[in-house]
> 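Here it is, the structure, as structure tokens.
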Amino acid sequence: MRKQKSILEILLFVLTLVLAIIFFFPIYFSLISAFKSNGAIMRDAISFPTSWYVDSFVYLWTKTDFPRAMINSIILTLSSIIAMIAIIPMAAYAIERTNKRWTNMVYIYFLAGMMIPFQVYMIPLFKEMKMMGFYGSLSGPILIYISGSVGFGVLLYTSFLKGVPREIEEAAEIDGCSKYGIFWRIVFPLLGPCTASLVVLNGLGIWNDFLMPSLVLPSDKPKTMIVEIFGFVGEYASQWDMVFAGTAISIIPVLIAFIALQKYFVKGIAAGATKG
């Protein structure tokens, strides 16, 4: 039995190692290609660069709209995440702590929105944005990202709130704390792992989103970073050195945020999966 168990552990380790190499290869390919010229990439795509080619980075920052596109991506991501943190936890708290029929209906309504594919209501949504004057500005995608994250966010927070003792809130209420004070001073700090999960999952999706900014923002103005990178891919010729240089730059903020929030992110996902 011990021998069989050790063999199984070795096989699982080998399988995990192979999968890790497979998943890491695109990252390796992107990073080494970012420091190679377009000709070197076309000649030998997977070889390690013989010299560090940084002209593509210089060209991106000085000759293109990439810096402005990066600022747009930062504004879009931060604004959406801050609004989500300000709205979704309060909505989940009201649903979880107000055990009434109408709150249950609202909860089901939020969850039902997660089951409808974006392509189904994409055209009516853009027409509505034009009618309301949000088409062609960053405010349009921000509103769509916030509304699109409510369903998953409420599900995540309500699951986590089931494990928060109500006695803490009752004690604060006896001491004269208001409803908003109870939530923001006592309950919300306890939701840190859940908030980290929301920030990582939604922030990563917004940062890497291509469809929404490419459809909503005008074509004659700087867009988001991902859309700007796609502009270097042409029908007959592509500037792959610019593509990989821009991709390498776009990875850095995401990597820093994930490393900083990794502990809370894993804890929040595990807690949300086991509670309720």
Side-chain angles (χ1 to χ4, degrees), residues 26-27 29-31 33-34 38 41 56-57 59-84 87 113-153 198-258:
I27 301 176
F29 179 72
S30 298
L31 292 178
S33 299
N38 196 53
I41 296 173
S56 53
F57 291 95
Y59 186 85
L60 272 177
W61 285 104
T62 59
K63 303 295 183 180
T64 69
D65 291 327
F66 187 81
R68 179 58 191 174
M70 188 172 184
I71 294 174
N72 287 345
S73 294
I74 294 173
I75 294 173
L76 199 64
T77 304
L78 291 181
S79 301
S80 302
I81 292 299
I82 292 172
M84 290 176 193
I87 296 172
M114 299 173 57
M115 305 175 187
I116 303 175
F118 175 73
Q119 290 78 8
V120 173
Y121 58 87
M122 180 174 64
I123 296 177
L125 178 63
F126 289 138
K127 288 185 177 180
E128 184 178 0
M129 289 177 60
K130 279 189 174 182
M131 293 173 57
M132 299 177 66
F134 293 119
Y135 189 85
S137 65
L138 291 176
S139 57
I142 290 173
L143 291 175
I144 294 175
Y145 289 140
I146 295 170
S147 59
S149 64
V150 170
F152 173 76
L198 182 74
V199 170
V200 171
L201 292 175
N202 287 283
L204 184 62
I206 296 171
W207 183 263
N208 292 326
D209 188 25
F210 173 81
L211 179 62
M212 188 67 63
S214 64
L215 294 176
V216 175
L217 299 179
S219 59
D220 58 340
K221 295 181 180 180
K223 296 191 176 185
T224 59
M225 191 165 45
I226 302 301
V227 180
E228 197 70 24
I229 292 173
F230 181 75
F232 294 108
V233 180
E235 184 177 358
Y236 301 104
S238 300
Q239 296 174 276
W240 294 113
D241 53 341
M242 300 298 172
V243 172
F244 289 113
T247 302
I249 295 174
S250 68
I251 292 174
I252 295 174
V254 176
L255 190 61
I256 294 173
F258 184 78

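Just so it is clear, the structure is predicted and the values come from calculations on it, not from any experiment.
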> Distance check, rounded to the nearest 0.5 Å: Ile142 atom CD1 versus Ile206 atom CD1?
9.0 Å
> State, to 0.1 Å, how close Met122 and Leu215 come at their nearest heavy-atom pair, and which atoms those are.
SD-CD1, 3.9 Å
> Ignoring hydrogens, what is the shortest heavy-atom contact between Val216 and Pro141? Give both atom names and the distance.
CG1-CD, 3.8 Å
> Quick one: list whatever passes side-chain contact (heavy atoms from CB on, under 4.5 Å) with Ile82, sequence neighbours left out.
none
> Using modelled atom types and a 3.5 Å cut-off, is there a donor and acceptor pairing between side-chain atoms of Ser33 and backbone atoms of Phe244?
no
> How would you list, by chain and number, every residue that makes a side-chain contact (heavy atoms from CB on, under 4.5 Å) with Ser147, sequence neighbours excluded?
none
> How close do Met225 and Ser250 get, heavy atom to heavy atom, and via which atoms?
CE-CB, 3.5 Å
> Identify the heavy atoms of Pro213 and Leu76 that sit nearest to each other, and give their distance.
CG-CD2, 4.5 Å
> Look up atom CZ in Phe29 and atom CD1 in Ile41, then write down how far apart they are to the nearest 0.5 Å.
7.0 Å
> Is any side-chain heavy atom of Met70 closer than 4.5 Å to a side-chain heavy atom of Pro253?
yes
> So with a 6.0 Å cut-off around CZ of Phe210, is the heavy-atom count from everything else above 12?
yes
> Is the side chain of Asn72 donor-acceptor paired with the backbone N or O of Lys223 at a distance under 3.5 Å, no angle test?
yes
> Can you pull out every side-chain hydrogen bond (donor to acceptor under 3.5 Å, both in side chains) where at least one residue sits in residues 126-138? Sequence neighbours excluded, please.
Ser137-Ser139
> Tell me every residue that passes ring-ring contact (aromatic ring centres under 6.0 Å, His included) with Phe126, counting only those two or more places apart in sequence or in another chain.
none
> Are Met242 and Thr64 packed together at the side-chain level, in the sense that at least one heavy-atom pair is separated by less than 4.5 angstrom?
no
> How far does CZ of Phe232 sit from CG of Asp241, to the nearest 0.5 angstrom?
9.0 Å
> If you look only at pairs with a residue in residues 198-211, which of them pass as a side-chain hydrogen bond (donor to acceptor under 3.5 Å, both in side chains), with sequence neighbours excluded?
Tyr145-Asp209
> Show the nearest heavy-atom pair for residues Ser56 and Ala34, with the distance to one decimal.
OG-O, 3.6 Å
> Mind checking the OG1-CE spacing from Thr224 to Met212? Nearest 0.5 Å is all I need.
11.0 Å
> Distance check, rounded to the nearest 0.5 Å: Asp65 atom CG versus Leu60 atom CG?
11.0 Å
> Check ring-ring contact (aromatic ring centres under 6.0 Å, His included) between Tyr59 and all other residues, then give those that pass, not counting sequence neighbours.
none
> Is there a donor-acceptor pair under 3.5 Å between the side chain of Thr77 and the backbone N or O of Ile74?
no
> Distance from Ile144 atom CD1 to Met129 atom CE, nearest 0.5 Å?
4.0 Å
> How far apart are the closest heavy atoms of Phe57 and Ala245, and which atoms are they?
CE2-O, 3.6 Å
> Going through the distances and angles, do Trp240 and Val233 end up as a side-chain contact (heavy atoms from CB on, under 4.5 Å)?
CA-CA 7 Å; Trp240 294 113; Val233 180; 4.3 Å; yes
